[in-house]
Amino acid sequence: MTRFTVAAAQYPIEALADWAAYETKLTRWVAQAAAGGAALAVFPEYGAMELASLDPATMGDLAGSLESVSALMPRVDALHAELAARTGMHILAASAPFRREDGAYVNRARLFTPHGKMGVQDKLIMTRFEREEWGVSGGAPLRLFETSLGKIGITICYDSEFPLLARAQVEAGMELLLVPSCTEAALGYWRVRLGAQARALEGQCYAVHSPTVGQADWSPAVDCNRGAAAIYGPPDRGFPDDGVVVVGEMDAAEWVFGEVDLARVAQLRADGGVLNARHWAEQPGGGALPAVEVVDLR
């Protein structure tokens, strides 16, 4: 399969009455993506932080919210695995804090396949808020996922603003980049958006951007969320002139659907109007790249 529909979430952070409310909400969102014909559904960075509202005693505390949400992740992942199997979709779950064995928290995204496999990508580079106030650490390694849909990479929010990460994934064969984000202001959204568009240009590939949206005044971590989901490609043959395949309404809670055709990635890299992916190494300093671990989820 080279041509398929992707659903990118503009996912609202909301206070939840109980676990059943979360299960109902997530199931509804996944069902809507499946009804729209999506083969891949992409949720945003830190979308799982709404689960902090299930513990009123800690939801207003940064450290407490990390601990309470991280403790729920086995249950959250089991639900995503079930929904992926039920709908036949690949699902990138909203990223969440995970506590490592050494006690440090990382920001982790998980990619679920319909046949029961899961791939994990940690955010590598922390924002100032994560490192200076929240105490979330950078994780590793950088990965590329071989799936039945194609070769998929993930750069979480701030990571998309650093070109060598996505470039290393391109060198490993990446065709589709997923960029889940959580930004509190329009300027943060635009930083990630421009990063995603630049990565699509440089790598001659698709980039799918999924942000959190909405107000959550009860949370000190994700209280304000702004953005618009989108699918970007390189401005070249067979793509829109501005590279924007589809983009959602700013700050609305909705799915944004668009078609990708990974055969076009191979065509452009072989014979595009320009050959950005091939010519990367010709720029000064365009040599050594981060290592990429390839994970087979087929």
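Note that this is a predicted model, so its numbers are computed, not measured.
A distance of 11.0 Å separates CE of Met89 from CG of Leu149, quoted to the nearest 0.5 Å. Distance check: Glu14 CD to Trp218 CH2 gives 10.0 Å after rounding to the nearest 0.5 Å. The distance from the CD atom of Glu161 to the CG atom of Leu194 is 9.0 Å, given to the nearest 0.5 Å. Rounded to the nearest 0.5 angstrom, Arg99 CZ and Ser137 OG are separated by 12.0 Å. A distance of 5.0 Å separates CG of Asp296 from NZ of Lys117, quoted to the nearest 0.5 Å. Taking CG from Leu144 and CD1 from Ile154, the interatomic distance works out to 9.5 Å, rounded to the nearest 0.5 Å.
Side chain of Thr183 to main chain of Arg226: a donor-acceptor pair is present (N/O by atom type, distance under 3.5 Å, no hydrogens or angles). Judged by distance alone, with hydrogens and angles left aside, the side-chain atoms of Gln10 form a donor-acceptor pair with the main-chain N or O of Glu249 at under 3.5 Å. Side-chain atoms of Gln204 come within 3.5 Å of backbone atoms of Ala277 as a donor-acceptor pair (strictly under, hydrogens ignored). Listed for the Arg193 side chain is no donor-acceptor partner under 3.5 Å among the backbone atoms of Ala228. When atom types are taken as modelled, the side chain of Ser95 and the backbone of Tyr46 share a donor-acceptor pair closer than 3.5 angstrom. One N or O on the side chain of Ser210 and one on the backbone of Ala9 form a donor-acceptor pair closer than 3.5 Å. Of the possible donor and acceptor atoms, none in the side chain of Asn276 sits under 3.5 Å from a partner among the backbone N and O of Gly203.
Side-chain contact between Arg237 and Leu268 is present, with at least one heavy-atom pair separated by less than 4.5 Å. When side chains are defined from C-beta on, Val274 counts as touching Asp236, because their heavy atoms get closer than 4.5 Å. Residues Val136 and Leu66 are in side-chain contact: their nearest non-hydrogen atoms beyond the backbone lie under 4.5 Å apart. Two residues are said to be in side-chain contact when any heavy atoms from C-beta on lie closer than 4.5 Å; Thr147 and Leu111 meet this criterion. Using a 4.5 Å heavy-atom cutoff, the side chains of Ser219 and Ile13 are not in contact. When side chains are defined from C-beta on, Gln121 does not count as touching Ile152, because their heavy atoms never get closer than 4.5 Å. The shortest side-chain heavy-atom distance between Gln215 and Cys224 falls under the 4.5 Å cut-off. Between Arg110 and Val76, some side-chain heavy-atom pair lies under the 4.5 Å cut-off.
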Between Leu262 and Phe4, is the side chain to side chain contact (heavy atoms under 4.5 Å, CB included) condition met? List the steps. CA-CA 9 Å; Leu262 301 188; Phe4 54 89; 4.1 Å; yes
Determine, step by step, whether His80 and Leu26 satisfy the side chain to side chain contact (heavy atoms under 4.5 Å, CB included) criterion, reporting the C-alpha distance in whole Å, the side-chain angles of both residues, the deciding distance to 0.1 Å, and the verdict. CA-CA 9 Å; His80 280 82; Leu26 184 67; 3.3 Å; yes
Would Glu184 and Phe129 count as a side chain to side chain contact (heavy atoms under 4.5 Å, CB included) here? Give the steps. CA-CA 11 Å; Glu184 65 179 359; Phe129 173 73; over 6 Å; no
Could you walk me through whether Ile125 and Leu165 pass the side chain to side chain contact (heavy atoms under 4.5 Å, CB included) test, one step at a time? CA-CA 10 Å; Ile125 304 173; Leu165 301 181; 4.1 Å; yes
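Asp241 CG: 12 or fewer foreign heavy atoms inside a 6.0 Å radius. Heavy-atom neighbours of Arg28 CZ from other residues, nucleotides or ligands within 6.0 Å: above the threshold of 12. Within a 6.0 Å radius of CZ in Arg3, no more than 12 heavy atoms belonging to other residues, nucleotides or ligands are found. Heavy-atom contacts from other residues, nucleotides or ligands closer than 6.0 Å to CD of Glu67 number 12 or fewer. Surrounding CD of Glu171 are more than 12 heavy atoms belonging to other residues, nucleotides or ligands, all under 6.0 Å away.
Partners of Leu275 according to the side chain to side chain contact (heavy atoms under 4.5 Å, CB included) rule, which considers only residues two or more places apart in sequence or in another chain, are Arg278, His279.
At a cut-off of 3.5 Å, with distance as the only test, no side-chain donor of Ser68 or Asp55 sits close to an acceptor on the other residue. If you check the side chains of Tyr232 and Arg199, you find no donor sitting under 3.5 Å from an acceptor. Using modelled atom types, one finds no donor on one side chain facing an acceptor on the other under 3.5 Å when comparing Ser53 with Glu50.
The aromatic rings of Tyr158 and Phe162 sit perpendicular, their planes meeting at an angle over 60°, well past the 30° parallel limit.
Note: Phe239 and Tyr206 meet the aromatic proximity criterion, with ring centroids under 6.0 Å apart.
Of the options Val295, Asp77, Ile91, a side-chain contact (heavy atoms from CB on, under 4.5 Å) to Met118 is made by Asp77 and by none of the others.
Geometric assessment of Lys25 against the ring of Tyr11 yields a positive cation-pi assignment under the 6.0 Å and 45° thresholds.
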